[in-house]
2 protein chains.
Amino acid sequence: MRIKDEYSILKEHVKEKGLRITPQREVVLDAFLGTERHVDVESLYILVKKRDASISFATVYRTLKLLCECELAKELKFEGKITRYEHKYNHKHHDHLVCAQCGKIVEFHNDKIEEIQDKVARENNFKVLNHHLEINGICSSCRN
Amino acid sequence: MRIKDEYSILKEHVKEKGLRITPQREVVLDAFLGTERHVDVESLYILVKKRDASISFATVYRTLKLLCECELAKELKFEGKITRYEHKYNHKHHDHLVCAQCGKIVEFHNDKIEEIQDKVARENNFKVLNHHLEINGICSSCRN
DNA sequence: GTATCATTGAAATTGAAATTCAATAACGAT
DNA sequence: ATCGTTATTGAATTTCAATTTCAATGATAC
């Protein structure tokens, strides 16, 4: 079985839901895949507009929802910030360091933290669905 | 120096800001201190109303803001949930387990996690301001 | 007592996000 | 290709939490 690309994943997902791939949805997908990570809806909307000015905010929202459903995208809600979306396909789980001043986002992963989280959940008889760890601070550039 | 009680802390804080303690603010403080933890604004408003029906939503919001400023309260923004407030005075830092089904909130603290977080931040040249760790899952009652 | 300034409640506003709706476009069956 | 069905679209509206405005009121310092 070959590795499915993002387009096929979305196609399959919408098919399963009895929906369709449309030119608009393709544009939103392309724009999303073409961005750097952690894009917000507003910025993505602007990028989408560059490719097709007739596409609405609503369609961007709706398509992002579809992308999240099929795990091409992941919604990120940092404290006090607006919702962002990052690429999820072919990306391992990770947490984030966020600079409170410039907004810079650094991804990190730590097995030990994951492990302890699972342990804590187990001790409290919780079945883990997901977790959110966000460290807010000031990055080195902003400290100079 | 004797331990200040919550009332004195608020009093001092508003004084510093050139503001005043008012009957309404006292009622909101009392209601907040009298609740269980993790109260949302709506619920607190209802509790406040029981003591003084003339107090408005705006005053509850404004007073909660004051309580957060002087660290009597802490704002909690769990993913996809409305803002909640917990008692902060005389309470150690902790993280939360949240049941996705019944909303139950369990507090926990783990030194090792804190330690690793600091290490990760240091490695990335971030000066930590705060962090937010939230584990979402299903509690034991909801699994039965 | 008076001038000053914080406080209040009601209502309006904000801002992000989601939804409604009539018009349109795509699909499957024939 | 044509038809009927059903998803999709963009514009506008709505939702919802949260905040702010504003005129009236109340407290404080002098």
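Values below: every heavy atom of this structure, side chains too, minus hydrogens, waters and symmetry copies. Order of the sequence lines fixes the chain letters, A, B, ..., with proteins taken first and strands second; residue numbering starts at 1 for each chain. Given the structure is predicted, the values throughout are model-derived calculations rather than measurements.
For A:I138 against A:C99, the heavy-atom pair with the smallest separation is CA-SG, 4.0 Å. Between A:Y85 and A:V41, the closest heavy-atom pair is CE1-CG2, 3.6 Å. Residue B:I55 comes nearest to B:Y45 through the heavy atom pair O-CE1, 3.6 Å, listed as atom of the first residue, atom of the second, then distance.
Proximity of B:R25 to the phosphate of C:dT8: a side-chain N or O atom is located under 4.0 Å from OP1 or OP2. In this structure, A:Y61 reaches the C:dA17 phosphate: one of its side-chain N or O atoms is under 4.0 Å from OP1 or OP2. Close to C:dA16, at under 4.0 Å from its OP1 or OP2, lies no side-chain N or O of A:T83. An OP1 or OP2 oxygen of D:dT9 is reached within less than 4.0 angstrom by a side-chain nitrogen or oxygen of A:T22.
The separation between B:F57 atom CZ and C:dG9 atom C1' is 13 Å, rounded to whole Å. Between A:L64 atom CG and C:dT19 atom C1' there is a gap of 16 Å when expressed in whole angstrom units. Atom C1' of nucleotide D:dT28 and atom NZ of B:K15 are separated by 13 Å, given to the nearest angstrom. Rounded to a whole Å, the CD1 atom of B:I21 is 15 Å from the C1' atom of C:dT8. Taking atom NZ of A:K49 as the reference point, atom P of D:dG10 lies 8 Å away to the nearest angstrom. Distance A:I55 CD1 to C:dT24 P: 18 Å, rounded to the nearest Å. The interatomic distance linking A:E26 (CD) with D:dT8 (C1') rounds to 14 Å, in whole Å. As a whole-Å value, the separation of B:L19 CG from D:dA27 P is 16 Å.
With DNA chain C read from its 5' end, the first of the two nearest nucleotides for B:P23 and A:K65 is the one closest to B:P23. Take the nearest nucleotide of DNA chain D for A:Y45 and for B:E75: the residue whose nucleotide is more 5' is A:Y45.
Taking the ring centroids of A:H96 and A:H109, they lie at or beyond the 6.0 Å cut-off.
When distances run from any side-chain atom of A:R20 to the nucleotides D:dT6, C:dA16, D:dG10, the shortest one goes to D:dT6. Side-chain proximity of B:A58 to the nucleotides C:dA11, D:dT9, C:dT8 is greatest for C:dA11.
No hydrogens or angles were tested; on distance alone, nothing pairs the side chain of B:R62 with the base of D:dT20 as donor and acceptor under 3.5 Å.
In this model, a donor atom of one side chain and an acceptor atom of the other lie less than 3.5 Å apart for B:H132 and A:E79.
Contacts of B:E42 with the nucleic acid, taken as non-hydrogen atoms under 4.0 Å apart, are absent.
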